[in-house]
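Here the structure comes first, spelled out in structure tokens, and everything after it is commentary.
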Amino acid sequence: MSGTPLPPFRRRFELRRIAADAVEAELEDHIHHVVVIVHHDHHEVTGVEGRAIRLPWSLCPGAISQLEELVGAPVGVAPAVADAGTHCTHLLESALTAVRFAGTTAGDRRYDLEVTDVEGDAGQPSVLAVARRDDGFELTLHTDGRQLLAPSQHAGQSLGAGFAGWAATTLDPDQAEAAILLRRAVWMRVSVAIDLDTLDVLADSGIPEGACYSSQPARIRRATRNRGSSLAALPER
């Protein structure tokens, strides 16, 4: 990490029990707005619905059908998928969080996530990621964008592959849920410095092929920009 500090990245994430057997997850930031509904029989997932309200690329909504992979997964834990790259990252993470939430007795909740560039030790840049929940719960992670720097007992933990499993087995459920949401927000923070409307197709963005549904080799040059879909700031709610 180097250069001029980026503007803060902000994301809102909500979990709602819309019926005795259904959980709705809603994720919104300046370039994404999706809703996922997970239906269940209190033991396993019986169906998944998705809505793409705002997504950056024309082919992104096609990833909704990929969520069918979660049908049959037990509720109460975030299930594994065969290949996360075949999914929309944001639809999938919303759905996985909803599946875990469906197996708990927790009440509806809303997270406001904020990632801000700060100056670290020896003048090295780093980021402070804060999750604030509407019931007063708060979690702060200090990272260099690749690994945790603080809390000190978790310093050195990679934000890469295996982070979600580490969080689920090391942290309490509230901390784990917030940490997993914050990890994605940390990765997304660079998006605030990119004007996607200057790009024609996803291949122009520099994203690696296969990183997500729309960047699969068969789609990355066909996924056109949904110009005008980005927000300057999240609306008040």
Side-chain angles (χ1 to χ4, degrees), residues 1-3 6-7 9-13 25-38 48-71 73 78-99 113 115 127 129 143 145-146 158-165 180-232 234:
M1 296 176 56
S2 61
L6 298 176
F9 171 81
R10 295 183 175 92
R11 170 173 280 188
R12 179 185 296 137
F13 186 78
E26 183 172 9
L27 175 151
E28 186 173 10
D29 58 39
H30 69 294
I31 54 177
H32 307 96
H33 189 181
V34 298
V35 174
V36 173
I37 298 176
V38 171
V48 186
E49 301 174 59
R51 275 196 298 141
I53 299 170
R54 278 188 305 107
L55 283 172
W57 308 100
S58 61
L59 301 185
C60 293
I64 291 172
S65 63
Q66 299 296 105
L67 297 175
E68 286 296 312
E69 182 181 355
L70 302 179
V71 173
V81 295
D83 182 359
T86 64
H87 289 262
C88 164
T89 302
H90 312 285
L91 284 165
L92 178 61
E93 190 149 277
S94 298
L96 297 183
T97 307
V99 171
L113 311 171
V115 182
V127 298
T143 96
R146 299 178 302 276
S158 171
L159 297 180
F163 181 83
I180 291 167
L181 295 174
L182 281 177
R183 185 268 296 265
R184 187 70 59 194
V186 168
W187 285 359
M188 287 302 304
R189 87 189 200 289
V190 296
S191 65
V192 299
I194 303 171
D195 181 0
L196 294 180
D197 282 355
T198 64
L199 309 178
D200 293 322
V201 296
L202 181 53
D204 296 337
S205 72
I207 191 173
E209 283 195 359
C212 64
Y213 176 84
S214 290
S215 68
Q216 291 297 312
R219 303 185 187 99
I220 193 169
R221 292 168 184 81
R222 296 191 298 111
T224 57
R225 168 64 181 155
N226 289 328
R227 288 193 168 95
S229 62
S230 296
L231 302 178
L234 291 180

Passes side chain to side chain contact (heavy atoms under 4.5 Å, CB included), Val186 versus Leu159? Steps please. CA-CA 9 Å; Val186 168; Leu159 297 180; 4.1 Å; yes
Heavy atoms of Ala98 and Ala25 approach each other most closely as CB-CB, 4.1 Å
Rounded to the nearest 0.5 angstrom, the OG-CZ distance for Ser230 and Arg225 is 4.0 Å
For Phe9 and Ala185, the nearest pair of non-hydrogen atoms, with its separation, is CD2-O, 3.6 Å
- Query: Any side-chain heavy-atom pair from Ile220 and Ile207 closer than 4.5 angstrom?
  - Reply: yes
Per side chain to side chain contact (heavy atoms under 4.5 Å, CB included), Glu28 is matched among Leu231, Val35, Ile53, Val34 by Leu231
message: Using 30° and 60° as the class boundaries, would you call the ring planes of His32 and His90 parallel, tilted or perpendicular?
response: tilted
Closest heavy-atom pair, Ser94 versus Leu27, reported as atoms and distance to 0.1 Å, is OG-CB, 3.6 Å
Minimal heavy-atom distance between Leu70 and Ala95, with the atoms involved, is CD1-CB, 3.6 Å
query = Charged N to carboxylate O below 4.0 Å: is that the case for Arg51 and Glu26?
reply = no
Between the CD atom in Glu93 and the CD1 atom in Ile180, the distance rounded to the nearest 0.5 Å is 7.5 Å
Rounding to 0.5 Å, atoms SG (Cys212) and CZ (Arg219) come to a distance of 9.5 Å
For Asp83 and Thr86 the tightest heavy-atom approach is O-OG1, 2.8 Å
Rounding to 0.5 Å, atoms OG (Ser214) and NE2 (His87) come to a distance of 13.0 Å
The reported gap from CZ in Arg189 to OG1 in Thr143 (rounded to nearest 0.5 angstrom) is 7.0 Å
Taking NZ, NE, NH1 and NH2 as the nitrogens, is one of them in Asp29 or Arg54 under 4.0 Å from a carboxylate oxygen of the other?
-> no
Next item on the list: Could you walk me through whether Arg227 and Asp195 pass the salt bridge (charged side-chain N to carboxylate O under 4.0 Å, His left out) test, one step at a time?
Entry: CA-CA 10 Å; Arg227 288 193 168 95; Asp195 181 0; over 6 Å; no
Check whether Arg222 reaches the backbone of Val201 with its side chain - one donor and one acceptor, N or O, closer than 3.5 Å. no
Residues Leu181 and Phe13: closest non-hydrogen pair is CD1-CD2, 3.7 Å
Given side chains that start at C-beta, do those of Ile31 and Ser229 come closer than 4.5 Å, heavy atoms only?
no
Determine whether Leu92 and Tyr213 make a side-chain contact, defined as any pair of heavy atoms from C-beta on separated by less than 4.5 Å.
no
Separation between CD (Glu69) and CG (Leu67), nearest 0.5 Å, reads 9.0 Å
Could you check if a side-chain atom of Trp187 sits within less than 4.5 angstrom of a side-chain atom of Thr89, using non-hydrogen atoms only?
-> no
